[in-house]
2 protein chains.
Amino acid sequence: MGDVRRSNTALVLGAVAKAPAGVHPSRAQLATATGLTKRPVSSLVLDLLDAGLLREAGQSQQGRGRPGVGLELNPARGVLGMEINVDYIAAGLVDLSGNLLVHEVREQDNRSAGTGPVLAALAGLAGTVRAAAGEHGVEVLGGGLAVPGLVDPAAARILTAPNLGWANVTLEPGAVLPGAPLGVSLFNEANAAALAEVRHRPKEGSDFLFVSGEVGVGGGLVIGSELFTGPEGHAGEVGHVVVEPDGTGCSCGGTGCLETVAGQDAILAAAGIAADTRTRSASMALLVQALQAGEPAALAAVNRAGRYLGVALASTMRVVNIGSVVLGGHFAVLDPWLRAPLLASLGRYAPGRFSPEQVTLSVVGESGALLGAAGSVVRSLIDAPHLLQS
Amino acid sequence: MGDVRRSNTALVLGAVAKAPAGVHPSRAQLATATGLTKRPVSSLVLDLLDAGLLREAGQSQQGRGRPGVGLELNPARGVLGMEINVDYIAAGLVDLSGNLLVHEVREQDNRSAGTGPVLAALAGLAGTVRAAAGEHGVEVLGGGLAVPGLVDPAAARILTAPNLGWANVTLEPGAVLPGAPLGVSLFNEANAAALAEVRHRPKEGSDFLFVSGEVGVGGGLVIGSELFTGPEGHAGEVGHVVVEPDGTGCSCGGTGCLETVAGQDAILAAAGIAADTRTRSASMALLVQALQAGEPAALAAVNRAGRYLGVALASTMRVVNIGSVVLGGHFAVLDPWLRAPLLASLGRYAPGRFSPEQVTLSVVGESGALLGAAGSVVRSLIDAPHLLQS
DNA sequence: TGCATATAGTTTAGGCAATGAACTAATTGC
DNA sequence: GCAATTAGTTCATTGCCTAAACTATATGCA
């Protein structure tokens, strides 16, 4: 297939994907939407039907004239979203429209287990979800896996995941999803979650910085609805912006990084709450209780985190010219106490650049990484449908 | 002309532009370079010759066989690079290969004069250079104008140039270069200078942050040899990264920005050297003398600037994932004294991420902004030659 | 009920711009 | 001086588009 037809195929498929949920555009509507004429649209739609990416879905019409045949993304095709985190693994089935159909979480300590057993457990969970997909009549085309660390997607390699204690782990082809035509793609967790935010907040501006509070502080930079990854693929690491030159040492080897005052461990320590890997979620619950009870140490810890988060965001804003922030992870949970010091700090360090309504909370929550990883695989398929047509 | 042919035209012209200086590729060589066959290359070359963008230039051959006809960018076409700065205006003629053929600088205080007289003076200087171009047999196709401030290129408007005291100045079409087919495009000075660095350091990596020390501190972010401008076009403003949360107030309204410790005024003040707009370049010379004499106050001021510059670069590096820095403006001048504290600071705040050879000095120097503005206009013409053919 | 109008989708003709192979032109090397 | 080699052109073919005509199927009003 020639380049021209290939890109027009993506154009037509993208136009179907862009239609709001429940709206099934006809071939004629696709022609006007894409700027192509009806002739090639009909022929491209035929290809996409053959490839199983589109499906005819009743009528699309309202007014006079012959009714059109509605077209939709084939609901019988899907992608697995997967996640490996410090204390759980998860897998979910996402259809081509981005709907989460099946979701399985298995809690386990992945820090002490080796990489092999964890990947085997993930493959098992993925197999379970894939079987469930089969019962729904959904064929799984590929998968996206989010991990809390730096990845090299091209090499399917996890470069380093400090909180898992992993480094240079390569994902063998077919190990997780044997036989899936698109294989499994790797993503950084915060980046994937940022992409999920894009998908799930339609009109809400397509330029923002997603900041995710986890054990560390992750970030994803979305510009023009696309992830900005920088030359080596690791942009958006706002957790290591220097916010206090005379601050304490960071796990990255640096000094005074945002993570040293706004990561979970830092906040818990400052609040005087003990935490280790296995009890961290319990500790975070204790922190919220302490905040609700108005305990001064807890309030001061969150206050400090908010203030320094503002410093980091103000700096980031000037470097990449982004005016919106989405808070995720524990930053979303702590928002009631974090928000005031954060906004005050933004007002001090970047006056006139952030209005309060530009600091919003994550809408996808916990499953964001999984949704985003799967959604990104879907998106790349819609942008390049020939990957499947061969 | 169809889209396909249009993009292939750019492909062929780009292949000629990519050839090293003095090498004149033949049609057959262009065919292999572009992946097209000889037939369309011949026909596209014909179009480009007609448009005056290419010229036949003797033979291209070495080995056996029929010699090819060499092709080069037409040296009889050029673009004006222009600059308005605090204490001078400048204009230069740049040919399509990026060579600076004519260069005129006129010193004048643009801060006290109004925008109208300054623009009129610039138009006069541009006219002079254009006349000189005519004597060289070079036709001026358009121009690029660099200013020290934020610009909206689409609207040909200078949004704000604090050091000039300008805000919302619109460049009327034809005011500076009447009749030039491409008109005049606006650029931020540091961004333009960054682009000039790209052009003039061939193999030296195409991802870097250009940091320019001026009255303020400007920056340009180059990723994949392209300027990264962010969603609103103002990315790279590293001068307003917060390096000291408890620092002093900045002209931007913020607190503790890099500019408050590393801008010219800040360094001069810390070194105990008086400065105003008219004597600033003299003051900088005094500073260098003081440094050479080993005066403690001067050394401490530059030391502090270097240390905080390192903080800002370490943070920027994590946000945009850039591992190379090019120092321009007074940072290049002060390099002998600035370098050690800068490297030490980078080692402390971003350990293992910057090696000393990744901190380099500007190769284009003073005329960088002018060269970059003109070069960018040339580049956009080469990427879209139909702008001229129509 | 029936016909004008409107819209969907297919068919046919035509055009642009590519590829591939054959052909002509100009040079080197033995 | 002729074979080998490379440059550039010509011609036939192909891919894929647009434009317009045509067929199919609906609505709305007399």
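These numbers were taken from a predicted model, which means no experiment stands behind them. Residue numbering restarts at 1 for every chain, and letters A, B, ... go by the order of the sequence lines.
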(request) Please report, rounded to the nearest Å, how far the P atom of C/dA8 is from the CD atom of A/Q59. (result) 12 Å

(request) Quick one: list whatever passes side-chain contact (heavy atoms from CB on, under 4.5 Å) with A/R55, sequence neighbours left out. (result) A/E72, A/N74, A/P75

(request) Working to the nearest 0.5 Å, report the span between CG of B/N8 and CG of B/L36. (result) 4.5 Å

(request) Would you give a per-nucleotide map of nucleotides 9-19 of chain C, 5' to 3', where B means the base has a protein non-hydrogen atom under 4.0 Å away, S means only the sugar-phosphate does, and - means neither? (result) BBBB----SSB

(request) Answer yes when A/E56 and A/R27 have at least one side-chain N-carboxylate O distance shorter than 4.0 Å, and no when they do not. (result) yes

(request) Could you tell me the separation between the NE2 atom of A/H386 and the CG atom of A/D3, rounded to the nearest 0.5 Å? (result) 9.0 Å

(request) Considering non-hydrogen atoms only, spot the tightest contact between A/T34 and A/A15 and give its length. (result) CG2-CB, 4.0 Å

